[in-house]
Amino acid sequence: MTSPYPVTVVGYFILLLGACVLMIGLTYSARNLAELETIEKVWFFTVVVLIIKDTVTSLIFPEMAPPGEVIRIGMGVTHANELSSLATLVFWLSFSKKRTRHTILVWLLRAFLVYVIIGARSRVSVVAFLLGGLVYLLFASRDYLKRWVTVSAGVGALSTFFLLTVCLNQSWANDIVEYARRGQTRAGLTTFTGRTLIWQHAFGKSLESPIIGHGYGVSRLTMGQPPNSEWQPSHCHNELLEVFFNTGVLGLIPVLAVFTYSLGWIVGFSGLRRACSTDLALHAVSVVVIFLFSCLFEPRLGVRLIPIQPLFFFYLLTLDRKKYFLRS
């Protein structure tokens with residue numbers, strides 16, 4: 001091991017390995033779909049508690065947020081991007097084709113999650129939220145052609161309407177633009193909040209150890225500052241780059257294989273819908289799309305253990321059990 005922080009690397013690796021073993025044990029021990037859905041519900045309710053706890057803490061102690069920045073829910077407690085990502089996943093997991101006895105409570109939860117997503121002011125999470133809803137609508141109907149035409153026409157009409165209102169200087173449209181800008185300059189927006197500078201810097205540093213990387217989970221300690229900057233990023237802000245930086249080619253190849261394999265939920269959705277429940281298949285395809293999109297701007301597997309990883313592992317492992325549930 002060549003990392004200057006071997007104890008930290010081993011610690012983070014043990015945590016990730018433990019999460020993998022836990023999800024393997026839970027998923028493969030499920031004897032029927034009810035037990036499989038119970039695993040999903042346990043994750044759901046656990047993360048709901050975490051979101052409520054972090055949101056309330058952030059609101060009660062706003063001084064915990066870094067000074068000089070736009071107020072965002074979650075900053076100083078966990079992180080606004082991570083908190084809003086969890087809220088996005090929980091929101092779409094809350095939908096079900098089955099009837100529920102607690103409809104009012106579910107809609108109150110959804111309203112709270114939308115509040116968290118908006119208050120966190122994470123552009124990646126907002127786009128992921130809309131993308132997750134689009135995917136859910138597309139796959140929820142068996143008449144895919146009609147759904148594609150309807151959703152595409154709706155998205156096109158809304159986009160055109162919004163662009164026209166911006167051009168006409170409507171106040172509410174300008175408020176949305178200001179919300180998305182988050183007080184940043186044009187330079188900050190064109191570099192994706194400095195992400196392009198981080199990507200260039202991280203890729204150059206990755207070539208210093210392209211085979212085994214700098215050590216899992218320690219990019220914030222080993223990356224250093226990008227040129228002509230006074231800040232040090234906590235990670236590479238891209239999943240593949242984060243994995244390449246931390247674990248080199250030896251880690252990048254398995255992650256690429258995992259991402260490709262997860263697309264099985266999208267490609268084989270019809271068969272998986274029959275093998276698993278409709279709700280589980282819809283949840284899985286939405287989570288996979290949200291996850292893969294978020295990975296363009298935020299690392300999810302290459303960083304320390306976070307709640308998103310066990311959920312992704314769960315759906316990944318469920319793909320392996322398709323034949324078992326078809327026989328059942």
Considering all heavy atoms, the nearest Gly74-Ser58 contact = N-OG, 3.0 Å
Under the side chain to side chain contact (heavy atoms under 4.5 Å, CB included) test, residues paired with Phe61 that sit two or more places apart | Thr57, Glu63, Met64
Would a hydrophobic clustering, with Ile, Leu, Val, Met, Phe, Trp and Tyr connected at side-chain separations under 4.5 Å, put Val77 with Val56?
-> yes
Determine whether more than 12 heavy atoms belonging to other residues, nucleotides or ligands lie under 6.0 Å from atom CG of Leu207.
-> yes
Can you tell if the side chain of Thr222 reaches within under 4.5 Å of the side chain of Pro4, non-hydrogen atoms only?
-> yes
Please check if the side chain of Gln309 supplies one atom and the backbone of Ile306 the other of a donor-acceptor pair under 3.5 Å.
-> yes
Cluster link Ile73 to Met75, ILVMFWY, side chain under 4.5 Å = no
Donor-acceptor pair, Thr27 side chain versus Ile24 backbone, under 3.5 Å?
-> no
Apply ring pair (Phe, Tyr, Trp, His ring centres under 6.0 Å) to Tyr315 and list each qualifying residue two or more places apart in sequence or on a separate chain.
-> none
Flag, side chain of Asp54 to backbone of Thr78, donor-acceptor distance under 3.5 Å = no
Same cluster for Tyr115 and Val127 if Ile/Leu/Val/Met/Phe/Trp/Tyr side chains link at under 4.5 Å?
-> yes
Residues in salt bridge (charged side-chain N to carboxylate O under 4.0 Å, His left out) contact with Arg274, at least two apart in sequence or another chain = none
Any Leu113 side-chain heavy atom under 4.5 Å of Phe129 side chain | no
Only pairs under 3.5 Å count here: list side-chain donor-acceptor contacts from residues 239-257, not counting sequence neighbours, and write none if there are none.
from	atom 1	to	atom 2	distance (Å)
Glu239	OE1	Arg300	N	2.1
Glu239	OE1	Leu301	N	2.8
Glu239	OE2	Leu301	N	3.2
Glu239	OE2	Gly302	N	2.8
Glu242	OE1	Cys236	N	2.7
Glu242	OE2	Ser219	OG	2.7
Glu242	OE2	Asn246	ND2	3.0
Asn246	ND2	Glu242	O	3.4
Asn246	ND2	Gly302	O	2.9
Thr247	OG1	Val243	O	2.7

Stepwise, does the side-chain hydrogen bond (donor to acceptor under 3.5 Å, both in side chains) test hold for Ser122 with Asn81?
-> CA-CA 6 Å; Ser122 171; Asn81 293 343; 3.1 Å; yes
Cation-pi check, Arg273 to Phe269: give yes when NZ or CZ is under 6.0 Å from the six-membered ring centre and within 45° of the ring axis, no otherwise.
-> no
Tell me whether Leu134 is reachable from Ile290 by hopping between hydrophobic residues (I, L, V, M, F, W, Y) whose side-chain heavy atoms are closer than 4.5 Å.
-> yes
Any idea which heavy atoms bring Gly224 and Pro233 closest together, and the distance?
-> O-CD, 3.8 Å
Test item: Leu105 and Leu109 side chains (from C-beta on) under 4.5 Å apart, heavy atoms | no
Please test Leu311 against Phe44 for side-chain contact (heavy atoms from CB on, under 4.5 Å), starting from the C-alpha separation and ending with a verdict.
-> CA-CA 9 Å; Leu311 182 67; Phe44 178 89; over 6 Å; no
Separation of Tyr324 OH from Leu36 CG (nearest 0.5 Å) | 10.5 Å
Val116: side chain to side chain contact (heavy atoms under 4.5 Å, CB included) partners, not counting sequence neighbours | Ile51, Thr55, Leu83, Ala87, Phe112
Distance (rounded to the nearest 0.5 Å) between Ser262 OG and Leu292 CG | 4.5 Å
Check whether any side-chain N or O of Trp199 sits under 3.5 Å from a backbone N or O of His237 as a donor-acceptor pair, and report yes or no.
-> yes
Nearest heavy-atom pair of Ile71 and Arg121: which atoms, and what distance?
-> O-CD, 3.5 Å
Which pairs of donor and acceptor atoms, one on a side chain in residues 276-287, lie under 3.5 Å apart (sequence neighbours left out)?
from	atom 1	to	atom 2	distance (Å)
Ser277	OG	Glu37	OE2	2.6
Ser277	OG	Leu280	N	3.1
Asp279	OD1	Lys97	N	2.7
Asp279	OD2	Ser96	OG	2.6
Asp279	OD2	Lys97	N	3.4
His283	ND1	Glu40	OE1	3.2
His283	ND1	Glu40	OE2	3.1
His283	ND1	Asp279	O	3.3
His283	NE2	Leu93	O	3.3
His283	NE2	Phe95	O	2.7
Ser286	OG	Leu282	O	3.0

Kindly work out whether a path of hydrophobic side-chain contacts (I/L/V/M/F/W/Y, heavy atoms less than 4.5 Å apart) joins Leu263 to Leu296.
-> yes
Expected output: side-chain Trp92 to main-chain Tyr136 donor-acceptor under 3.5 Å | no
Hey, what do you get for CD (Glu298) to NE2 (His79), rounding to the nearest 0.5 Å?
-> 7.0 Å
Connected-component partners of Phe13 among ILVMFWY, side-chain separation under 4.5 Å = Leu17, Val21
According to the side-chain hydrogen bond (donor to acceptor under 3.5 Å, both in side chains) rule, which pairs have a member within residues 8-17, sequence neighbours left out?
-> Tyr12-Arg220
Determine, stepwise, if the pair Ile266 / Phe139 fulfils side-chain contact (heavy atoms from CB on, under 4.5 Å).
-> CA-CA 9 Å; Ile266 301 173; Phe139 284 87; 4.0 Å; yes
Excluding sequence neighbours, so at least two apart, what forms salt bridge (charged side-chain N to carboxylate O under 4.0 Å, His left out) with Glu208?
-> Lys205
Name all residues meeting the side chain to side chain contact (heavy atoms under 4.5 Å, CB included) criterion together with Glu35; count only those two or more places apart in sequence or in a different chain, and write none if there are none.
-> Ala30, Arg31, Asn32
Is the CZ atom of Phe203 crowded by more than 12 outside heavy atoms at less than 6.0 Å?
-> no
Residue pairs meeting salt bridge (Lys or Arg N to Asp or Glu O under 4.0 Å), one or both in residues 80-93, sequence neighbours left out, come to Glu82-Arg304
Identify the heavy atoms of Pro307 and Leu50 that sit nearest to each other, and give their distance.
-> CG-CD1, 4.2 Å
Hey, does the side chain of Arg72 reach the backbone of Gly119 with a donor-acceptor pair shorter than 3.5 angstrom?
-> no
Carefully, step by step, assess Ser85 and Ile308 under the rule side-chain contact (heavy atoms from CB on, under 4.5 Å).
-> CA-CA 9 Å; Ser85 294; Ile308 297 176; 4.1 Å; yes
For Leu319, the side chain to side chain contact (heavy atoms under 4.5 Å, CB included) test, sequence neighbours excluded, returns Tyr261, Trp265, Leu272
From Lys41 NZ over to Thr38 OG1, what is the distance, rounded to the nearest 0.5 angstrom?
-> 6.0 Å
